[in-house]
There are 2 protein chains.
Amino acid sequence: MEEERSSRRRTGGIRMRDVAERAGVSTMTVSRALSEPAKVSQEMRERVIRAVEEVGYLPNLLARSLSSSRSTTVGLIVPSIDNSIYTQTLKGLSVVLRSRGFQLMIAESGYDPSEEEDLVAAFLTQRVSGLVLHNIEHTDRARALIRQAGVPVVENGNLPPEPLDMAVSYSNREAAKAMTLHLGRLGYRKIAFASLFAHNNDRSRDRIEGYRAALTELGQTPDPRLIVETSRGLASGAEAVVRVVQAVPEVDAFFCAGDVLAVGALFECQKRGWVVPRRIAIASFDDVDLLRHVSPAVTTLRLPRYGIGERTAQMLLGRILDDAEYLRGSVVDLKFEIIQRESA
Amino acid sequence: MEEERSSRRRTGGIRMRDVAERAGVSTMTVSRALSEPAKVSQEMRERVIRAVEEVGYLPNLLARSLSSSRSTTVGLIVPSIDNSIYTQTLKGLSVVLRSRGFQLMIAESGYDPSEEEDLVAAFLTQRVSGLVLHNIEHTDRARALIRQAGVPVVENGNLPPEPLDMAVSYSNREAAKAMTLHLGRLGYRKIAFASLFAHNNDRSRDRIEGYRAALTELGQTPDPRLIVETSRGLASGAEAVVRVVQAVPEVDAFFCAGDVLAVGALFECQKRGWVVPRRIAIASFDDVDLLRHVSPAVTTLRLPRYGIGERTAQMLLGRILDDAEYLRGSVVDLKFEIIQRESA
DNA sequence: ACAAGGGTTGTTACCGATATCAGCGGAAGC
DNA sequence: GCTTCCGCTGATATCGGTAACAACCCTTGT
């Protein structure tokens, strides 16, 4: 005559105890059979597996994580979730994490450091076992929270001078510099640069800096009229061309800090009947399929988006699962590549 | 002389008990002050809040969820994470969920129903309190798992004839049909259709069906040579044009089942010196910025991508937080819109 | 034959929170 | 004045697992 002695009504489904009773063993044996099969005899393992299937048991990861103080989720914070540049990195992360049974939680900060801070807190509250941040700039409290929680973190939008923990990226500064130098070597003298808004965006700022550094190296003094800040989108690229041309009609090259901007710029030039690259060269940041298929095909930088995600996940897992303390402080530079095509 | 009586070493950070001791109250008062402030006196509330800040307490959501059998995470499964069509929906979901303190977990099934099943199990194991699926086709076990878990689900890639629970989408069939009819009314007679692979893809299949239905309504017999199945990407769009033109040179309209395909097709036509829409019309599925800015601007379907995410999240939250049982079984059709431009 | 030790399994005490119900003081009702 | 009720707080059991250690069986060494 079994009686429910608990005053608290059970809500959930089948528990480990049910499996244990069915298999005629203790819950510890079930737990071990599922989590550390090597510690259990062949026979027990099979009996447990069978019981699991018979009763349709799904482990409760909340309970497991709470008890073992170890979770299988990783949090990702990007500035803006609907920006296509993150999808490749996201894919790389997802593939590697999933292969080891980890889940990815994603959120967007809207380029707002204080929102990033809130999200860090929210993720820590969820007890993620790792964090991925796109920014390399963080509020003091965000840094403190992360340090206090002792959670491994990878920054991956840029190479941070002082990494929070680990970092995987390419150098925005060096990439912008390399392309600008490349244009200079090709003979272009009046190289304009269309930047995305640099407010709360370390990537944009570094790109501008790289551009400036290259000009200096080319023996030029950066001309502020050749630098325009704009938002994302095709229309912005077009508008950027208009603004620069108005200020400096003799501009002969246009380097855009984003693929979409470059396409917008290209369309605008074509609308004006300007032959690219004869009248004006165009170069882009970040390779996408589109840039290879427009005419003329656009010279651009290939960034290791997928690899960043992949490597980020590997390092995080190394720290979480294999306790690879030697990874702490690693800053991995995955490099970029200039793709020379017809537009410059 | 306090002594650690537990044999198990504590790993975590500051617990609710620490806050309670600091504030000189019981953990229940802390718990209530944080989760149900109305049930606690003004004074206690303030004392607790102060103690929380002083000791730097972050609640443990794993423990909360386990104890209350209520979680604040929602799982999203998409066929392919690096497809840009999901970003708007993802954004809509994210914004609404976050506003109510929920986190989004995301995973990709790779168009594989059995992988979807595994992911459903993985998410249920994580005790998500809601699921969002892009597919409307699922394995029997996936359906069973979901039913057994009693978790609210929204399907949102298509309108399902038999919803698992709730659905928010537009009708792929009706959209394809509407555009095809539109082209027919504009006077085009030989309308080709470029489809994405239909294997394990209900959306693709419904689009083809809609196209067929429209032709029938136009008094034509669908010509299999005018339907090509292809993969994603600009190159595929171009190649699709090549294949159709070879088989049916007199084709006068080309309806593509995806924005990227349409651009690829447009480029190919221009490469061949064909005037669009004079020689051949082009129409696309799904609106993106690019289609408005190419020349000629491409006639397309505007799909309620963001709204789907938003509404999906609202319905899920309704079920989870407000116990809105009346939502069960709802299928919301958010409609589409034909954007008439120059290419057709 | 007996102690030592490895491999398995079970018992018990937690992980960090919340549900439930009891207790307590003061206002309201008669 | 005394009972009733309400608002607030706390004690205790529990959510579904795992850590740590004890217990047991059997093999091995001497």
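What's counted below: heavy atoms across the whole structure, side chains too, no hydrogens, waters or symmetry copies. Numbers restart at 1 for each chain; the letters A, B, ... are given by sequence-line order, proteins then strands.
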Rounded to the Å, how far apart are [X] [atom1] and [N] [atom2]?
X       : N      : atom1 : atom2 : answer
B:Glu36 : C:dT18 : CD    : C1'   : 9 Å
B:Arg64 : C:dA19 : CZ    : C1'   : 14 Å
A:Arg45 : C:dT9  : CZ    : C1'   : 14 Å
B:Lys39 : D:dC6  : NZ    : C1'   : 14 Å
B:Met44 : C:dC24 : CE    : C1'   : 13 Å
B:Glu43 : D:dC8  : CD    : P     : 12 Å
B:Glu21 : D:dG10 : CD    : P     : 13 Å
A:Leu58 : D:dG17 : CG    : C1'   : 15 Å

Strictly below 4.0 Å, N to O, side chains only: are B:Asp165 and B:Arg319 in salt-bridge contact?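 Yes, this pair counts.
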Carboxylate-amine/guanidinium contact A:Arg50 A:Glu53, below 4.0 Å: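 The answer is no: the pair does not qualify as a salt bridge.
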Just compare [options] and give me whichever is closest to any side-chain atom of [X].
X       : options                : value
A:Asn60 : D:dG17, C:dT18, D:dT9  : D:dG17
B:Ser68 : C:dA17, D:dT9, C:dA19  : C:dA19
B:Ser26 : D:dT18, C:dA19, D:dA11 : D:dA11
B:Leu66 : D:dT18, D:dC15, D:dA19 : D:dC15

Reading DNA chain D from 5' onward, which residue's closest nucleotide shows up sooner: A:Met16 or A:Arg32?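 Nearest nucleotide further toward 5': that of A:Met16.
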The residue, B:Val40 or B:Arg127, whose nearest nucleotide of DNA chain D is more 5′ is B:Val40
Using a 3.5 Å distance criterion without hydrogens, assess whether the side chain of B:Asp112 forms a donor-acceptor pair with backbone atoms of B:Ser109. no
Treating B:Asn156 as the side-chain partner and B:Val168 as the backbone partner, does any N or O pair qualify as donor plus acceptor under 3.5 Å?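 Here the side-chain-to-backbone pair does not exist.
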[X] side-chain N/O to [N] phosphate OP1/OP2 under 4.0 Å:
X       : N      : result
B:Ser41 : D:dT9  : yes
B:Arg15 : C:dC14 : no
A:Thr29 : C:dT9  : no
A:Ser67 : D:dA19 : no

Scan A:Arg70 against the nucleic acid and name what it touches under 4.0 Å (heavy atoms): base, sugar-phosphate only, or nothing. sugar-phosphate
NA contact type, A:Ser65, heavy-atom cut-off 4.0 Å: base, sugar-phosphate, or nothing? nothing
Check the side chains of A:Gln42 and A:Glu46 for a donor-acceptor pair under 3.5 angstrom, ignoring hydrogens and angles.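 There is such a pair (donor and acceptor under 3.5 Å, judged by atom type) between the side chains of A:Glu46 and A:Gln42.
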Any heavy-atom pair between the side chains of A:Glu115 and A:Val120 that's under 4.5 Å? no
Please figure out whether B:Leu62 or B:Met28 has its closest DNA chain C nucleotide nearer the 5' end. B:Leu62
